[in-house]
Amino acid sequence: MATVEYVDDEPNGIAMMLGGLIEANLAQHPEREALLKPMAVAITAPDAGVSVTIRAAPGRVTVANGVAGPPPDLQVRADSATLVELSSVPLSLGLPDLMTKEGRAVNRRLLKGEIKVRGMVRHLGKLARFNKLLSVR
Amino acid sequence: VGEVPEFPSEEWLNEYVERINGSAAYREAAATWEGDVTYVFEAEPDKGIPEDLWAWLDLWHGECRAARLVPAEEGEKAKFIIRAPYSRWKEVIKRELDPVKGMMQGKLKLKGDLPTIVRYVKAANELVNIAGTVPTEFVDEKPG
């Protein structure tokens, strides 16, 4: 079974939340282990003043406080509540499903700049895999 | 004229339960929720909380069937445990600290199945909103 490892002795709150979510999802949906291909995603919640970097590789996820290590493929920036909501948005091919009102709401917030995803165009496949990894649906 | 309940206390919890059960918004958001929750108000002796207090709530399908202060060994058995020092809870109740933001900052610690909590984040927010409506006298703000 895939492992989720925390780089820091004292993981910060966002690391515990997102790392814990991935850990629980992998335990409850072992088939999601297939999503663990190399990728690095940094996530920042500016309202809370916290960041986390999540790196995936086959069989392994590492979670580090802050934006740490080599430059990530994707950088996501949104407030705390939005980050949590993103995990429960219906997905279609790993991206917010525009056939649903929740999916359209995410799209609107992307357009307004309330959710920022740097690297989205270049790494769309990685973003889709990451979304599936975090999804609670 | 009723007295304003002190937080934390059994009286405050009773008032909280009454308001949870009177909330249509909570009933709707938690309609399929199943599982008990324990809030741990961690000790701050200088603020009048000499030891950790465990408040257990039996939440089921949009209502609170029971709530009481329980010993730690009983509170630990709950499906979900949210813990923070007393003064953090006070900030949450006064709506000075958003609970999701507090969790991201590590100010509130959550134990339990995270995907379930994320699915019911609206219900969790309602519980916090309701707590903010309970007339409250904080133990460290009591006169004399």
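Computed from a predicted structure; not experimentally measured. Every chain is numbered from 1, with letters handed out A, B, ... down the list of sequences.
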Margin query: Any heavy-atom pair between the side chains of A:Asp47 and B:Met104 that's under 4.5 Å?
Written below: no

Margin query: Please find the pair of heavy atoms, one from B:Pro115 and one from A:Asn25, that lie closest to each other, and give the distance.
Written below: CG-OD1, 3.6 Å

Note to self: Are more than 12 heavy atoms, taken from residues, nucleotides or ligands other than B:Arg65, located less than 6.0 Å from that residue's CZ atom?
What the structure shows: yes

Notebook entry, point to check: How far does CE of A:Met16 sit from CG of B:Leu110, to the nearest 0.5 angstrom?
Noted result: 9.5 Å

Next item on the list: Give, for atom CG of A:Asn12 and atom CD of B:Gln105, the distance between the pair rounded to the nearest 0.5 Å.
Entry: 10.0 Å

Note to self: For A:Arg118, is the CZ atom crowded, meaning more than 12 foreign heavy atoms sit under 6.0 Å from it?
What the structure shows: no

Margin query: Taking B:Leu108 as the starting point, is it possible to reach B:Trp56 by hopping between hydrophobic residues whose side chains are less than 4.5 Å apart?
Written below: no

Note to self: Looking at every heavy atom in both B:Val118 and A:Val84, which two are closest together, and how far apart are they?
What the structure shows: CG1-O, 3.6 Å

Checklist line | Inter-residue atom distance A:Leu134.CG - B:Leu114.CG, 0.5 Å rounding | finding: 11.0 Å

Margin query: Only pairs of heavy atoms separated by less than 4.5 Å count here; which of B:Lys107, B:Met103, B:Lys109 has the most with chain A?
Written below: B:Met103

Next item on the list: Would you mind checking which part of A:Gln28 comes under 4.5 Å of any heavy atom in chain B, side chain (CB onward), backbone (N, CA, C, O), both or neither?
Entry: side chain

Notebook entry, point to check: Got a sec: does the CZ of A:Arg77 have more than 12 other heavy atoms crowding it under 6.0 Å?
Noted result: no

Check: Is there a path from B:Trp89 to B:Val40 through hydrophobic residues (I, L, V, M, F, W, Y) whose side chains come within less than 4.5 Å of each other?
Finding: no

Checklist line | hydrophobic_cluster_shared for B:Trp33 and B:Tyr39, side chain cutoff 4.5 Å | finding: yes

